[in-house]
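Written below as structure tokens is the structure these notes are about.
Residues: numbered from 1 along the sequence shown. In this text, all values refer to a predicted model and were calculated from it rather than measured experimentally.
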Amino acid sequence: MARVSQEHLDARRRQILDGAAICFARNGFHATSMQDVLKEADLSAGAVYRYFRGKEELIGAIVAEVLGSVRAAFEEAALQSPPQPPDELVTSVLGRTLAARESLLVDGRPAFPRLVIQVWTETLRNDELAALLREGYGSVRAAWSKIVEGYQEAGMMRTDVEPDHVARTMIAAVLGFLAQQSLFGPAPVEVLRDGLRALMSMPDDQSAG
């Protein structure tokens with residue numbers, strides 16, 4: 001029997017995850033059946049269950065993949081001295097995250113922002129997913145805190161603010177931007193960049209006097 005290449009296995013796994021992501025973004029987790037995923041991915045039950053035992057594993061894999069790629073990007077940025085300014089860094093990472101999933105559409109609109117909302121909703125009733133999300137966002141927060149420390153050491157950011165407070169604020173800005181896309185329609189990441197740039201340009205009390 002011919003061996004299946006790793007490239008083929010990876011492509012099949014990608015096909016399943018993308019199909020599941022579209023289904024979840026369209027109808028939510030509870031209204032989506034595994035039969036819906038099979039139909040969207042255009043695969044047999046045997047082909048899908050070879051990789052994932054059910055919806056819970058699919059949800060977990062999608063969340064872990066996204067948060068893992070975001071964390072890796074910020075950890076890489078933290079190694080730079082100094083890191084990119086926040087407006088440029090967020091635009092770069094979010095832009096790459098969205099671009100990697102730009103082919104996933106629901107009713108002609110990007111599926112990823114809607115999927116983010118569905119994931120957050122599901123954490124209210126799914127303790128395992130909530131724990132996975134806490135762990136993932138904890139690692140992203142830690143990476144962002146390291147970046148903020150780099151800003152502070154380089155004299156780019158005031159030092160009387162806890163790095164974790166800045167990290168939480170940047171994550172909140174990105175999640176809020178994705179929520180707006182889900183509600184109001186697509187918007188280029190440059191919108192977020194420009195908003196952050198304008199806020200960063202405001203003088204604080206120390207320099208205004």
Side-chain ion pair, Arg109 and Asp107, N-O less than 4.0 Å: no
Write down the atom of Ala130, the atom of Thr123, and the distance for their closest heavy-atom approach. CB-O, 3.7 Å
hydrophobic_cluster_shared for Val106 and Leu38, side chain cutoff 4.5 Å: no
Which pair of heavy atoms, one from Ala41 and one from Gln15, lies closest together, and at what distance? O-NE2, 2.7 Å
Could you tell me whether the side chain of Leu178 reaches within less than 4.5 Å of the side chain of Leu98, counting heavy atoms only? yes
So for atom CD, which belongs to Gln6, do other residues, nucleotides or ligands contribute more than 12 heavy atoms lying within a distance under 6.0 Å? yes
Residues in ring-ring contact (aromatic ring centres under 6.0 Å, His included) with Tyr151, at least two apart? none
Are Leu105 and Val66 linked, directly or through intermediate hydrophobic residues, by side-chain heavy-atom contacts shorter than 4.5 Å (ILVMFWY only)? no
Partner residues of Arg53 under the side chain to side chain contact (heavy atoms under 4.5 Å, CB included) criterion, sequence neighbours left out: Glu57
Test of understanding: with side chain to side chain contact (heavy atoms under 4.5 Å, CB included), list the residues that count as partners of Ala21, not counting sequence neighbours. Ile62, Leu104, Leu115
The single option from Ile22, Ile16, Asp18 that satisfies side chain to side chain contact (heavy atoms under 4.5 Å, CB included) with Glu40 is Ile22
Under the ring-ring contact (aromatic ring centres under 6.0 Å, His included) test, which residues partner Tyr137, sequence neighbours left out? Trp120
With Val166, the side chain to side chain contact (heavy atoms under 4.5 Å, CB included) member among Glu149, Met157, Arg158: Met157
Tell me, do Phe24 and Val119 make a side-chain contact under 4.5 Å, heavy atoms counted? no
Return yes when atom CD of Gln80 has more than 12 non-hydrogen atoms of other residues, nucleotides or ligands closer than 6.0 Å, and no otherwise. yes
SB check Glu162 Arg168 (cutoff 4.0 Å): no
Applying side chain to side chain contact (heavy atoms under 4.5 Å, CB included) to Ala142 and not counting sequence neighbours gives none
Result of checking Val90, Thr91, Val174 against Val189 for side chain to side chain contact (heavy atoms under 4.5 Å, CB included): Thr91
All side chain to side chain contact (heavy atoms under 4.5 Å, CB included) counterparts of Arg71, not counting sequence neighbours: Glu75, Ser139, Val140
